[in-house]
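Beneath this line is the structure, given in structure tokens, with notes to follow.
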There are 2 protein chains.
Amino acid sequence: MKQATRTLLRQYNLRITQSRSLVLQAMLSTKTPLTHKEIHRKILKTDGSISLVTVYRILEAYENIGLVHRHLSTGSFILCSLQGEKGHHVMLSCQDCGTVAECIDKDFCKHEDRIAKSAGFSPKAHLSELIGICSSCS
Amino acid sequence: MKQATRTLLRQYNLRITQSRSLVLQAMLSTKTPLTHKEIHRKILKTDGSISLVTVYRILEAYENIGLVHRHLSTGSFILCSLQGEKGHHVMLSCQDCGTVAECIDKDFCKHEDRIAKSAGFSPKAHLSELIGICSSCS
DNA sequence: AATTTAAATGCAAAATATTTGCATTTAGAA
DNA sequence: TTCTAAATGCAAATATTTTGCATTTAAATT
């Protein structure tokens, strides 16, 4: 079992199991969003053993605690690259290589809030994704 | 068949059919996101007749032309309230009443672009949703 | 107004995706 | 080492989405 995955699991107060480690490994080894089935297949290919049902259950847990996020445009999963960092996470999806990165901007919420206020809306949470071309592809 | 729906369909150069009108009526009569099945049930309840398969096909078409949008946090459908208006549509989802409105802000893209640029990213399209309390609920 | 034709629809069935119940295994505390 | 709640796997149940094909229909044409 990879050490990096144990560390992550411990950080999030999750029981350290083979299956959970395998799911993390599968997601750490790519920057593109993955479906349940893709993660399952990836694990089997690398000689791991896991049931698809377990992948469902693990991803649900990871999503609830914010360890993974759903990619807005596809609904697939990405490992959040900014664990624990406060602030509004913005996804940057590259149309060319498929990579999804996340970034945080301090001022962003302020602008969102201003826009919201002008519509009489009080925002508590935010979802955003920018779709375009990443630095390595341009 | 309601006149408002005929007008919308004509605007979008879609054949004017009973089914398409019924889907629009179902969506016009609520401000909360609806699933395929919810739209189907709603139509049957109001004495309309349509098959669930047709609801799938119509929503796919409506989504492709931007007449409806997918609500980011749930994946359900909302009728875009800003048809044809250019610019970045931001969804405002009320946690209290469930209403989803859309608004446009001219400056928003500029801020997003600035944030993106600082990460070396060139944005082409945007998705955003603010989750909070709407004006009528607060 | 009748004719024609491509597009739209419905139905049944297939294919996929997701959830559930229950027996077994396992991580980690005692 | 022992114990227990949590995690897992399997099989089956549900739910969702797609597909093939026959029929119907909107609307263009005559």
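Naming: A, B, ... by sequence-line order, numbering from 1 per chain. The shown structure was predicted, so the numbers you read here are calculated from the model rather than taken from an experiment.
Checked by distance alone, A/Arg15 brings no side-chain donor or acceptor within 3.5 Å of a matching partner on the base of D/dA6.
B/His126 and A/Ser128 are not linked by any side-chain donor-acceptor pair at a separation below 3.5 angstrom, with hydrogens and angles left out of the test.
Closest to the side chain of B/Tyr56, from the set C/dT9, C/dG28, D/dT17, is D/dT17. Across D/dT19, C/dT18, C/dA17, the shortest atom-to-atom separation from the side chain of A/Lys37 is found for C/dA17. Relative to the side chain of A/Val53, the nucleotides C/dT20, D/dT8, C/dT9 differ in distance, and C/dT20 lies closest. Nearest to the side chain of B/Ser51, among D/dA26, C/dC11, D/dT18, sits C/dC11.
At whole-Å resolution of the value, CG in A/Leu9 and P in C/dT26 are 18 Å apart. One interatomic measurement links the two molecules: CG of B/Leu22 to C1' of C/dA8, which rounds to 14 Å at whole-angstrom precision. Rounded to an integer number of Å, the gap from CZ of A/Arg57 to C1' of C/dT26 is 14 Å. Between A/Leu14 atom CG and D/dA7 atom P the separation is 8 Å, expressed in whole Å. Atom-to-atom, CD of A/Gln18 to C1' of D/dA7 comes out at 13 Å; the value is rounded to the nearest Å. As a whole-Å value, the separation of A/Arg10 CZ from C/dG28 P is 8 Å. In this structure, the CD atom of A/Glu38 is 12 Å from the P atom of C/dT18, given to the nearest Å. Counting to the nearest Å, the C1' atom of D/dG9 and the NE2 atom of A/His40 are 10 Å from each other.
Both B/Val68 and B/Leu34 are assigned to one and the same hydrophobic cluster, defined by single-linkage of ILVMFWY side chains at heavy-atom distances under 4.5 Å. The hydrophobic clustering, which links ILVMFWY residues whose side-chain heavy atoms are closer than 4.5 Å, places B/Leu22 and B/Ile16 together.
Looking at heavy-atom distances under 4.0 Å, B/Arg20 makes contact with sugar-phosphate atoms alone, never a base.
Residue A/His36 places at least one side-chain N or O closer than 4.0 Å to OP1 or OP2 of C/dT18. Contact check, A/Thr17 against D/dA7: no side-chain N or O comes under 4.0 Å of OP1 or OP2.
Relative orientation of the A/His89 and A/His69 rings is perpendicular, given thresholds of 30° and 60° on the angle between their planes. Using bins of under 30°, 30° to 60° and over 60° for the plane-to-plane angle, the ring pair B/His111/A/His111 lands in the parallel bin.
Along DNA chain D, the nucleotide nearest B/Ile16 and the nucleotide nearest B/Leu52 are compared for position; the residue whose nucleotide lies closer to the 5' end is B/Leu52.
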